[in-house]
Amino acid sequence: MSGRLIYLIGPSGSGKDSLLDAARTRLTKSNCRIVRRVITRSAEAVGEAAQGVSAQRFAEMESQGEFALCWHANGLAYGIPREIDDWLAAGEDVLVNGSRGHLSATRERYPSALVVLLTVDDAVLRHRLLARGRESAAEIEQRLARNDRFSAEAGNDPSLRVIDNSGPLEQSVQRLLACLVR
């Protein structure tokens, strides 16, 4: 039996990392691996527990075929280690914190991927983005506009599993776990 790629997407600030952290123990118990991404952001940067590498090291890893998936967004490079293919072949489910912009390429490589879209109310999203202090107010407004455009397009995609993360985190964890039941 093959495992299943679960591709979690949503705007920056929607709470993907918080959701994964809160669900980690339960996901692990149900034979689902959560992948640690490789990012060209320093390991000291606030955010997910990713493997931070230099842009040069990322380029080397990419050229050596170390990534199953990789993309560039918001001035950073992101990679998903190729070992996920071994896990999937061994029948394990693999959850990836992905990219909305890389969704079509992911679906091309993993046609049976389960795509979970994490959404959040615009006012909540604006507040979260301002609180983390990574972007200027103008950059945040650009992110919100991009999110609105993607949400409008995604509304026409019945294959997406949508979870609203505007409320209590535990509620979103329960919704995620329900999406993953085969």
Side-chain angles (χ1 to χ4, degrees), residues 2-20 23 27 32-41 47-48 50-51 53 55 58-89 91-122 125 129 134-135 139-165 172 175-176 178-182:
S2 291
R4 173 175 56 161
L5 179 69
I6 302 145
Y7 196 70
L8 178 66
I9 58 174
S12 185
S14 62
K16 295 181 300 289
D17 295 322
S18 297
L19 177 62
L20 294 178
L27 289 168
C32 181
R33 290 190 183 243
I34 300 174
V35 177
R36 186 171 181 224
R37 298 191 295 185
V38 176
I39 305 179
T40 56
R41 175 172 48 210
E48 70 178 283
Q51 178 185 349
V53 298
F58 188 94
E60 290 167 0
M61 294 172 78
E62 185 175 10
S63 70
Q64 294 168 359
E66 294 185 33
F67 299 126
L69 300 167
C70 63
W71 62 90
H72 296 263
N74 305 310
L76 301 171
Y78 297 81
I80 304 299
R82 71 175 178 207
E83 66 190 328
I84 70 166
D85 292 330
D86 296 332
W87 298 336
L88 291 166
E92 294 180 79
D93 286 345
V94 175
L95 196 150
V96 171
N97 182 345
S99 165
R100 295 172 296 171
H102 193 69
L103 178 57
S104 61
T106 299
R107 283 182 162 161
E108 190 173 305
R109 180 165 175 152
Y110 300 96
S112 62
L114 171 65
V115 181
V116 178
L117 172 61
L118 195 62
T119 63
V120 65
D121 177 77
D122 273 353
L125 183 58
L129 292 172
R134 282 191 214 157
E135 297 101 352
E139 291 170 324
I140 289 171
E141 292 308 315
Q142 289 172 345
R143 282 187 177 276
L144 291 169
R146 259 194 329 267
N147 184 52
D148 288 343
R149 285 190 304 274
F150 182 83
S151 294
E153 294 168 12
N156 299 323
D157 186 345
S159 69
L160 292 178
R161 305 282 176 91
V162 179
I163 298 173
D164 182 355
N165 192 33
S172 297
R175 289 176 179 158
L176 174 64
C179 283
L180 304 184
V181 173
R182 289 188 189 239

Can you sort out the partners of R109 under salt bridge (Lys or Arg N to Asp or Glu O under 4.0 Å), two or more places apart, ordered by chain and number?
-> D85

If you look at every heavy atom in L176 and A23, which pair is closest and at what distance?
-> CD2-CB, 4.2 Å

What's the verdict on side-chain contact (heavy atoms from CB on, under 4.5 Å) for L5 and T106, showing C-alpha distance, side-chain angles and the deciding distance?
-> CA-CA 10 Å; L5 179 69; T106 299; 4.0 Å; yes

Any side-chain heavy-atom pair from R161 and L180 closer than 4.5 angstrom?
-> no

Does atom CD of E108 have more than 12 heavy-atom neighbours, drawn from other residues, nucleotides or ligands, at distances under 6.0 Å?
-> no

What is the distance from atom CG of L20 to atom CG of L27, rounded to the nearest 0.5 Å?
-> 7.5 Å

At what distance, to the nearest 0.5 angstrom, does OG1 of T119 lie from CD1 of I9?
-> 10.5 Å

Could you tell me which non-hydrogen atom of L125 sits nearest to which non-hydrogen atom of S14, and how far apart they are?
-> CD1-N, 3.9 Å

N147 side, atom CG; L129 side, atom CG - distance, nearest 0.5 Å | 9.0 Å

Would you name the heavy atoms of G15 and N165 that are closest together and state the gap between them?
-> CA-ND2, 3.6 Å

So which heavy atom on I6 is nearest to which on C32, and how close?
-> CD1-SG, 4.0 Å

Does R143 reach the main-chain N or O of P11 with its side chain, forming a donor-acceptor pair under 3.5 Å?
-> no

Rounded to the nearest 0.5 angstrom, the CD-CD distance for E141 and E135 is 11.5 Å

With E62, which residues qualify under side-chain contact (heavy atoms from CB on, under 4.5 Å), at least two apart?
-> F58, F67, C70, H72

Would you give the length of the straight line joining atom CG of N97 to atom OH of Y7, rounded to the nearest 0.5 angstrom?
-> 9.0 Å

Rounded distance (nearest 0.5 Å) linking atom CD1 of I80 with atom CD of E66 | 13.5 Å

Which atom of L160 lies closest to which atom of L103, heavy atoms considered = CD2-CD2, 4.5 Å

Applying ring-ring contact (aromatic ring centres under 6.0 Å, His included), name anything that partners W71, two or more places apart in sequence or on another chain.
-> Y78, H102

Between R107 and S159: side-chain donor-acceptor atoms closer than 3.5 Å | yes

K16 (side chain) donor-acceptor with G10 (main chain) under 3.5 angstrom = yes

Trace of the side-chain contact (heavy atoms from CB on, under 4.5 Å) decision for Y110 with I84 | CA-CA 11 Å; Y110 300 96; I84 70 166; 3.6 Å; yes

